[in-house]
Amino acid sequence: LARGYFFQADAVFAPRAWRGRYPYSGAGDDADATRRYQAAHRRGFISALRGLAARSREFEERLQAGIDMDRAVLIVGKDAAPLVYWYVANLGRWARTAGTRALIRSRTGILACLNHLRRIDAGTSYAGADRLLGVYFAAVPGLFGGDLDRSRAHFEAALRIAPAYL
């Protein structure tokens with residue numbers, strides 16, 4: 001379900017909102033399509049969280065106890081790796097369009113999830129964790145950890161794991 005929401009947002013709502021501008025930043029001319037884009041990604045990351053909670057009672061209890069995602073995700077195993085990937089993919093797109101505050105608030109959880117995903121199953125979604133970390137380290141300012149050498153290392157790792165995907 002989380003994957004479906006991701007593709008619905010990017011294939012249906014984003015083209016209407018971005019009107020040919022790529023990548024889509026969330027500042028589209030079509031306010032209704034922008035809202036739908038954000039809502040689909042929000043539903044995507046919430047669906048992934050629900051899936052993770054359904055797979056692990058301990059994960060659910062950690063979140064209910066107020067433990068942040070960066071620590072809660074550490075108990076998730078390989079069987080839930082796709083859910084971790086689609087959680088991050090949706091949360092990242094939602095946060096990017098929701099504004100700088102949302103991005104900053106989400107950053108720690110996103111990085112923790114991606115690093116954990118690399119540990120439990122680096123091959124999930126064609127080395128998705130390394131691809132997303134490569135994007136992250138290339139896109140963010142140095143103040144927030146941006147580093148082109150780290151970005152390159154993650155893209156090269158992704159190429160080794162899934163050479164036909166990039």
Side-chain angles (χ1 to χ4, degrees), residues 1-10 23 26 38 40-166:
L1 193 56
R3 181 180 182 188
Y5 283 127
F6 181 89
F7 288 115
Q8 179 190 40
D10 276 21
Q38 288 175 329
H41 280 302
R42 186 172 188 283
R43 285 190 301 272
F45 75 76
I46 290 170
S47 295
L49 277 176
R50 287 181 179 155
L52 289 165
R55 286 183 180 273
S56 171
R57 178 89 172 124
E58 185 180 355
F59 174 81
E60 182 180 27
E61 288 170 353
R62 284 177 170 217
L63 289 182
Q64 288 175 347
I67 295 174
D68 290 334
M69 184 65 168
D70 57 326
R71 290 191 358 244
V73 75
L74 297 177
I75 61 133
V76 171
K78 184 176 180 170
D79 65 318
L83 287 166
V84 175
Y85 175 79
W86 290 111
Y87 168 77
V88 170
N90 277 293
L91 179 60
R93 293 281 177 100
W94 172 83
R96 192 180 78 217
T97 61
T100 305
R101 269 176 80 192
L103 269 172
I104 291 170
R105 278 191 311 238
S106 303
R107 182 175 87 72
T108 304
I110 287 172
L111 289 174
C113 287
L114 290 173
N115 286 317
H116 184 62
L117 180 57
R118 286 184 75 222
R119 281 189 297 275
I120 61 172
D121 189 2
T124 295
S125 295
Y126 307 97
D130 277 307
R131 285 185 295 107
L132 292 178
L133 285 165
V135 169
Y136 173 83
F137 288 116
V140 301
L143 175 67
F144 294 107
D147 181 337
L148 292 179
D149 291 333
R150 285 179 80 182
S151 173
R152 179 183 218 74
H154 283 292
F155 280 125
E156 288 172 354
L159 278 170
R160 281 191 302 277
I161 295 167
Y165 195 74
L166 288 178

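We number each residue from 1, following the sequence as shown.
- When all heavy atoms are compared, the tightest approach of Ile75 to Ser56 is CD1-OG, 3.2 Å.
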- request: In sequence, state the C-alpha distance, the side-chain angles, and the governing distance for Leu117 and Val88, and then conclude on side chain to side chain contact (heavy atoms under 4.5 Å, CB included).
  value: CA-CA 10 Å; Leu117 180 57; Val88 170; over 6 Å; no
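- Residues Ser151 and Ala138 come closest through the heavy atom pair OG-CB, 3.4 Å.
- Of all non-hydrogen atoms in Ala40 and Tyr5, the two that sit nearest each other are O-CB, 3.3 Å.
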- request: Decide yes or no on side chain to side chain contact (heavy atoms under 4.5 Å, CB included) for Leu49 and Phe59, but give the supporting numbers first.
  value: CA-CA 9 Å; Leu49 277 176; Phe59 174 81; 4.0 Å; yes
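- Of the possible donor and acceptor atoms, none in the side chain of His154 sits under 3.5 Å from a partner among the backbone N and O of Leu133.
- One finds the OG1 atom of Thr97 at 8.5 Å from the CG atom of Leu103 (value rounded to the nearest 0.5 Å).
- With values rounded to the nearest 0.5 angstrom, Arg152 atom CZ is found 10.0 Å from Leu159 atom CG.
- Around CZ of Arg3, the count of heavy atoms belonging to other residues, nucleotides or ligands within 6.0 Å does not exceed 12.
- Here the OH-CD1 distance, from Tyr87 to Ile46, works out to 9.5 Å after rounding to the nearest 0.5 Å.
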task: For side chain to side chain contact (heavy atoms under 4.5 Å, CB included), just list the numbers for Phe155 and Val135, CA-CA rounded to whole Å, side-chain angles, deciding distance to a tenth of an Å, and then say yes or no.
output: CA-CA 8 Å; Phe155 280 125; Val135 169; 3.9 Å; yes
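- Contact record, Tyr85 with Gly128: CE1-CA, 3.5 Å, taken as the closest heavy-atom pair.
- The CG atom of Asp10 sits 4.0 Å away from the CZ atom of Arg93 when rounded to the nearest 0.5 Å.
- Under the rule for a side chain to side chain donor-acceptor pair (under 3.5 Å), the partners of Asn90 that lie at least two apart in sequence or sit in another chain are His41.
- Under the rule for a ring pair (Phe, Tyr, Trp, His ring centres under 6.0 Å), the partners of Phe45 that lie at least two apart in sequence or sit in another chain are Trp94.
- Nearest heavy atoms, Leu74 versus His116: O-CE1, 3.4 Å.
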Listed pairs under 3.5 Å, donor-acceptor, residues 60-72 side chains, sequence neighbours left out:
unit_1, atom_1, unit_2, atom_2, d
Glu60, OE1, Arg57, NH1, 3.1
Glu61, OE2, Arg57, NE, 3.4
Arg62, NH1, Arg71, O, 3.0

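- Across Ala158 and Arg131, no two heavy atoms sit closer than the pair CB-CG, 3.8 Å.
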Verdict with supporting geometry, Ser125 and Trp86, side chain to side chain contact (heavy atoms under 4.5 Å, CB included): CA-CA 9 Å; Ser125 295; Trp86 290 111; 4.2 Å; yes
